[in-house]
Amino acid sequence: MTAADAMSNWDRFVFTFFNADIAMKYGWEILQGAGVTILAGLAVVITGIGAGFGLAALRAIGWKPVNFLIIVFVDIFRSLPPLAIILVLFFGFPNIGIVLPSLIVLWMSLGAVLAAFAEEIFWAGITSVPKGQWLAARSTGLTFAQTLRYVILPQAVRLGIPPLTNRAISITKNLALGSAIGVNEILGRANSALSMSANATPLTMGALLYVLVFIPLVIASRTLERNYRWGEH
Amino acid sequence: MEQFTQEFFNLDVMAKVAPFLLQGLLQTLLLCSFLIPIGLVSGILVMLLTTSPYRLLRWPAIAAVDFFRAFPPLVLLVFVYAGLPFIGLRVPALVAVAVAFLINSASYYGEIYRAGMVSVPKGQREAARSTGLSATQTLLYVTLPQAIRNVLPDLLSNTVELVKLTTLASVISVPELLHSANLARSLTYNSSPLILAAIIYLLLLLPVVRLIARLEHRL
């Protein structure tokens with residue numbers, strides 16, 4: 001291969017994946033997708049972790065039929081692939097008269113999955129608090145609810161933060177699945193720009209935007225893990 | 001209620017599409033049969049790099065792991081499948097799935113092994129080395145087995161995630177289980193195939209998820 005050939009290959013690579021003209025043309029469009037991704041991500045994280053926390057607190061009451069239902073919900077949503085849930089909600093529900101916008105379907109599906117994982121993580125935290133703490137708190141005159149609120153849950157939350165961060169990141173990355181049902185998030189917009197421009201630059205931009213959104217969270221999770229490290233001898 | 005059963009639990013439709021879904025299941029199992037073992041082994045290699053005493057190896061490896069943990073697997077898959085043909089590298093869908101998901105899962109498995117290695121006390125390695133075991137022997141017989149035992153629930157749960165990840169292959173039309181089910185749904189105008197696929201995923205993964213929950217609460 002001559003130097004000229006190598007140069008033209010390199011040019012072709014840059015033209016295909018890092019094309020400035022295409023980037024200028026579709027940049028704003030894809031950036032708006034990042035707005036959708038970030039807002040949907042916040043909605044998923046807040047509702048998912050909130051619901052998971054609520055379910056774990058409810059499970060601590062120890063009412064058998066309720067606990068059974070919680071365990072069934074958690075196990076099912078931990079086992080099902082998120083895309084399968086999304087497809088059922090998006091394609092199945094309209095046939096029984098429930099039409100949900102694609103963004104709502106995406107939010108509900110990923111929110112439910114995160115809620116299941118978060119419940120399990122908080123519950124592991126709650127059960128890891130020694131029984132003596134319950135007894136001690138109750139014997140000082142705190143009610144059940146107060147014990148849960150001021151003694152048990154703060155410890156459970158602290159224990160749960162590192163695994164919860166990792167889980168929240170890996171579930172919110174599934175927002176890209178929204179492109180399969182027509183949500184206008186980063187990947188969806190990048191994909192349509194790709195087919196309109198016949199150039200891969202929009203895909204590069206989409207990928208970089210996703211990394212830009214998530215890399216601070218990944219680095220934060222590394223720091224959290226170091227600070228809350230388990231099994232230190 | 002009648003309408004609900006007709007739409008989601010239509011036994012006639014389920015019986016009709018079952019053989020078709022079974023083919024999809026075989027494809028899913030085929031994907032898993034190479035993604036899981038290769039992922040588990042390449043994760044160890046990634047861990048060796050990210051825990052290397054040499055900064056020149058360690059830092060780029062950590063940066064790459066973080067990069068790919070921030071990279072949504074579907075975006076990676078579409079990038080490999082739809083992006084590379086533009087520079088003349090047309091890869092078959094199955095290869096694109098293998099490449100994208102191995103990069104993704106090697107990063108995740110690598111991080112889990114690393115957490116496991118960190119949890120093994122330093123003295124173990126020092127003691128093993130001082131009895132005359134080589135670095136490789138120490139890794140294989142002393143530190144790695146303990147590391148794996150410590151993070152077994154995490155390794156299992158990442159494996160469940162990897163099986164669930166194979167559903168994304170349906171987006172680029174690999175005929176795995178979810179893709180077959182979705183195709184059957186559009187042909188029958190009925191969602192029971194999707195529910196049947198969901199039931200198959202539950203049968204495959206629920207026992208493992210239960211096992212993980214038990215292992216976690218034992219720890």
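Every chain is numbered from 1, with letters handed out A, B, ... down the list of sequences.
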If you look only at distance, which donor and acceptor atoms sit under 3.5 Å apart when one is on a side chain in residues 199-215 of chain A and the other is two or more places apart or in another chain?
| from | atom 1 | to | atom 2 | distance (Å) |
| --- | --- | --- | --- | --- |
| A:N199 | OD1 | A:T201 | N | 2.7 |
| A:N199 | OD1 | A:T201 | OG1 | 2.5 |
| A:N199 | ND2 | A:F15 | O | 2.9 |
| A:T201 | OG1 | A:T16 | O | 3.1 |
| A:T201 | OG1 | A:N19 | N | 3.0 |
| A:T204 | OG1 | A:F17 | O | 2.9 |
| A:T204 | OG1 | A:A200 | O | 3.3 |
| A:Y210 | OH | A:A176 | N | 3.4 |
| A:Y210 | OH | A:E185 | OE1 | 2.4 |

Problem set entry | Residue part contacting chain B, namely of A:P163, when any heavy atom lies under 4.5 Å | neither
Exercise. Between B:N182, B:V171, B:N190, B:L165, which has the largest tally of heavy atom pairs under 4.5 Å with chain A?
Worked result: B:N182
Problem set entry | Residues B:Y113 and B:T51: side-chain donor-acceptor under 3.5 angstrom | no
For this session: Go through A:D75, A:V74, A:N174 and name the one with the most non-hydrogen pairs under 4.5 angstrom from chain B.
Result: A:D75
Exercise. Are more than 12 heavy atoms from other residues, nucleotides or ligands located less than 6.0 Å from atom CZ of B:R125?
Worked result: no
Problem set entry | Pairs of heavy atoms under 4.5 Å with chain A: top-ranked of B:V78, B:V160, B:T166 | B:V78
Problem set entry | Toward chain A, the part of B:L177 with a non-hydrogen atom under 4.5 Å | neither
Problem set entry | chain A interface, residue from B:V163, B:T167, B:L206 that has the most non-hydrogen pairs under 4.5 Å | B:L206
For this session: Anything under 30° is parallel, anything over 60° is perpendicular, the rest tilted; go ahead and classify A:F53 against A:F122.
Result: perpendicular
Exercise. Is the number of heavy atoms from other residues, nucleotides or ligands within 6.0 Å of CZ (B:R90) greater than 12?
Worked result: no
Exercise. At a heavy-atom separation under 4.5 Å, does A:L80 approach chain B through its side chain, its backbone, both, or neither?
Worked result: both
For this session: With a 4.5 Å cut-off on heavy-atom pairs, point out which of B:G83, B:S157, B:P73 contacts chain A the most.
Result: B:G83
For this session: Pick whichever of A:L217, A:T127, A:L194 has the most heavy-atom pairs under 4.5 Å with chain B.
Result: A:L194
Exercise. Relative to A:Y26, does A:R189 satisfy both conditions: NZ or CZ under 6.0 angstrom from the six-membered ring centre, and within 45 degrees of the ring's axis?
Worked result: no
Exercise. Quick one: of B:L76, B:L168, B:V65, B:V208, who has the most non-hydrogen atom pairs under 4.5 Å with chain A?
Worked result: B:L168
Seminar exercise, completed: If one checks every heavy atom of A:S170 against chain B at 4.5 Å, the contacting part turns out to be both
Exercise. Among side-chain atoms of B:N150 and B:S119, is any donor-acceptor pair under 3.5 angstrom?
Worked result: yes
Exercise. For the candidates B:V75, B:I195, B:L204, B:I62, which exhibits the highest count of non-hydrogen atom pairs separated by less than 4.5 Å from chain A?
Worked result: B:V75
